[in-house]
Amino acid sequence: MSRSRQPGGTHVLTVTYAGGEERRGPVTMGQANMIRCMLRDEPAHINIHDVWPVPEGTRTDSVVEALRALVVRHEALRTTFPHAPGSAPREQVVASRGSFTVTVLDHGELPEGPLGYAESLARRAREERFRLDRDFPLRLSLVTRAGTPVCVAMAASHALTDAGALAVLKEEWLGLLAGEELAPPASLTPLGLAEEEATPAGLRRSEASLRHWERIIRTGPQAMFAEPGAEGTEVRTPLLTLRSRRAARALAGVAERTGALPSTVLLTAWCAIVAHRAGQDACVVAAPTSNRYHPRLARSVNTLSQDALLSLDVRVPSFDVLLKKAWGAALNAYRHSRFDALGLWEVIGRATFERGSRFARDVVFNDVSTLPATVASLTADGPPEGRDPYGPELELTWGPEQVLPTRVLAFVHATDPLLHLGMWADPALFGPEEAEGLLTGLVRLLEAAATRDVPLASLTGATGVRPVERGPHWLRVDGSWTSPPLVAATLSRALDGLPVHVTADAPAGSAPAESALTAYIAAGDTPLTPAQAHTALMDALPGRPGVLAPSRYVIVRHPPAEADRSGAWLHRKILREGTGRQRPM
């Protein structure tokens, strides 16, 4: 171990390691998924972080030696992804020897709230991109007070770790510092998982998962929050944390009354209240922790971040009926959560182009409370400094902002003896009062369901959460909420200002939800085709969840004098018409 000193009480330790076998092989499906995100997204949005408090009395050398032991123990920490510039890695290489660095930040006195200070260090470390072909996957800083270790702040590469992996590393690191002898790892290594995924059974599983996703993407709501105010694909969102013994007691009560698992009860309540607030007939939810439920992957140090996609139809009379449906829907989603990520994006691209929408991953429900106890407990933040360690009856606290590609993200850390849930909700849709109301409404729903079957028609009264008001110009088309005037304005901008009028027509005898959009475009002398119009609109859709492409494009030369009247457009001479779903070559 060598030291490189810098001014201001900071020095860098270079730690060498040797051990394990040098290996290489293909990337896993989960790695390919996260690598795609890392190459596309800003590093602060896709890198992850953690803070590990150091037990009192621990020496710096012990901290470093425990880190070195983890690196030798876990192949993921010795892995890089060689690739040519401009291409995505398809291979991973495990080293048998190498080095990593630990930056030691020594202070005479630490700022008040040392864990909050370390958290800020870890978040700042996320802002630098990891070089997949050469960088160690943990960016480590050791915070010390007068030479005594206090905590480790780190940013981590999402190509090789996720929240569950960091939790496993944290637990083992604490065990090593306590002098424990760790049992050999029992979970699949990244290369072992890649080998399993390439078997005929693994390939069939991936193909079945893609079919599951395609069905939901082609039939479910294009976006859960297609409504006024929903804009953009990256949202800066503050953290709101619920810690409640009341909610935990109610959750246990519902489970006892219905015989359902607490995790299923909580998922059902979340889907019910989110769909109610969004005014949707179905709740489409992504569940990223699904792959850690398999025993061989539960404690894997690897990135297993692939979503289980759940679509739960909430058009049922009561909570208990919905709870029975949710169990099967969740199992089906978990069964279809390992897939070829590149294949999935091809499916999404094809299905959304043909449907005329952009699939939005609006709602994410990440429940780690049911994972092995050591993993679940270590992914949760402790109680705020100075607060009751056993948990309050009901407490809501606001935390730092984070940029997320979702509208509502819930992270469930624990359900007993208190419900500990973190939520990030798009502030354009949920002001502080509305966001707090969503979580207190969740608690109220659990309390009501603990004693009786709650009619879903009574959710506003039972929870205090009201459905969004969209206004008269919004309607359902193809199972999704959309606004014809908004579609017309978006298509007009995409066509450099050409006049556009959009109508919603329901075939005779059909329900209003079966309405179809028709776009009338006055192209003048522009040689516009329906395919060109559709492609231009699809290119403009990201960040506009209220826009759904028309199923028919009608191109005329000039707009009518009364351009705001649908009937006036019907008498224009048609130059060209069609669905536009054929991509121009």
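Heavy atoms from other residues, nucleotides or ligands lying under 6.0 Å from CD of E256 number 12 at most.
A salt bridge between R205 and E197 is absent, with no side-chain N of the basic residue lying under 4.0 Å from a carboxylate O of the acidic one. The pair E65-R68 counts as a salt bridge, with a side-chain nitrogen and a carboxylate oxygen less than 4.0 angstrom apart. Salt bridge status for D135 with R129: absent, with no side-chain N to carboxylate O gap under 4.0 Å. In summary, R350 and E346 do not engage in a salt bridge, as defined by a charged side-chain N under 4.0 Å from a carboxylate O. Taking 4.0 Å as the cut-off between side-chain N and carboxylate O, E214 and R355 do not count as a salt-bridged pair.
Between E172 and R299 the shortest side-chain heavy-atom distance falls below 4.5 Å. V71 is listed as a side-chain neighbour of F100, based on a closest heavy-atom distance under 4.5 Å. Between E196 and R296 the shortest side-chain heavy-atom distance falls below 4.5 Å. Contact check for L169 versus V301: side-chain heavy atoms found under the 4.5 Å cut-off. The closest side-chain heavy-atom distance from H413 to S369 is not below 4.5 Å. A heavy-atom distance below 4.5 Å is found between the side chains of I48 and L166. Residues V15 and L67 form no side-chain contact, since every pair of their non-hydrogen atoms from C-beta on lies 4.5 Å or further apart.
Of the possible donor and acceptor atoms, none in the side chain of K325 sits under 3.5 Å from a partner among the backbone N and O of L312. No donor-acceptor pair under 3.5 Å is formed between the side chain of T237 and the backbone N or O of W424. Remark: side-chain polar atoms of R139 are not paired, donor with acceptor, to backbone N or O of A155 under 3.5 angstrom. Within the 3.5 Å criterion, the main-chain N or O of D340 finds a donor-acceptor partner in the side chain of S206. Here the side chain of T80 pairs no donor or acceptor atom with the backbone of L132 at under 3.5 angstrom. Side-chain N or O atoms of D426 include none that pairs as donor or acceptor with a backbone N or O of T406 at under 3.5 Å. With R277 contributing its side chain and L438 its backbone, the two residues share no donor-acceptor pair below 3.5 Å. Between the side chain of R24 and the backbone N or O of V93, no donor-acceptor pair lies under 3.5 Å. Remark: side-chain polar atoms of D162 are paired, donor with acceptor, to backbone N or O of L304 under 3.5 angstrom. Although no hydrogens or angles enter the test, the distance criterion places a donor-acceptor pair under 3.5 Å between the side chain of W481 and the main chain of G279.
For the atom pair CD1 (I348) and CZ (R218), the distance works out to 11.5 Å, reported to the nearest 0.5 Å. Atom CG of L310 is separated from atom CD1 of I216 by 7.0 Å, given to the nearest 0.5 angstrom. Here the CG atom belonging to L242 is positioned 7.0 Å from the CG atom belonging to L442, to the nearest 0.5 angstrom. S300 contributes atom OG, which lies 9.0 Å from atom NE2 of H74 (distance to the nearest 0.5 angstrom). In this structure, S99 OG and F136 CZ are separated by 9.5 Å, a value rounded to the nearest 0.5 Å. The distance from the CZ atom of R90 to the CD atom of Q31 is 14.0 Å, given to the nearest 0.5 Å.
Annotation for A278 and F225: closest pair CB-CE2, 4.0 Å, computed over non-hydrogen atoms. Residues T268 and A326 share a closest heavy-atom pair of OG1-CB, 3.1 Å. Smallest separation of non-hydrogen atoms from A248 and L419: CB-N, 3.6 Å. In terms of heavy-atom proximity, Q92 sits nearest to P26 at NE2-O, 2.9 Å. Closest approach of G422 to L239, counting heavy atoms only: CA-CD1, 3.9 Å. Pairing each heavy atom of V412 with each of T415, the nearest pair is CG1-CG2, 4.0 Å.
In the model, E119 has a side-chain atom that pairs as donor or acceptor with a side-chain atom of H49 under 3.5 Å. Checking D453 against S318 by side-chain atom types alone, a donor-acceptor pair falls below 3.5 Å. Side-chain contact of E91 with H83: a donor-acceptor pair under 3.5 Å is absent, judged by distance alone. Side chain to side chain, R243 and H420 fail the donor-acceptor criterion of an N or O pair below 3.5 Å.
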Carefully, step by step, assess D478 and S480 under the rule side chain to side chain donor-acceptor pair (under 3.5 Å).
-> CA-CA 6 Å; D478 189 24; S480 299; 5.7 Å; no
D362 and V408: side-chain contact (heavy atoms from CB on, under 4.5 Å), yes or no, with the steps?
-> CA-CA 6 Å; D362 270 359; V408 176; over 6 Å; no
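Note: W173 and W52 have tilted aromatic rings, judged against thresholds of 30 and 60 degrees for the angle between ring planes.
Take S96 and apply the side-chain contact (heavy atoms from CB on, under 4.5 Å) test, not counting sequence neighbours, and it matches E22.
Aromatic rings from H534 and F353 are positioned such that their centres are separated by under 6.0 Å.
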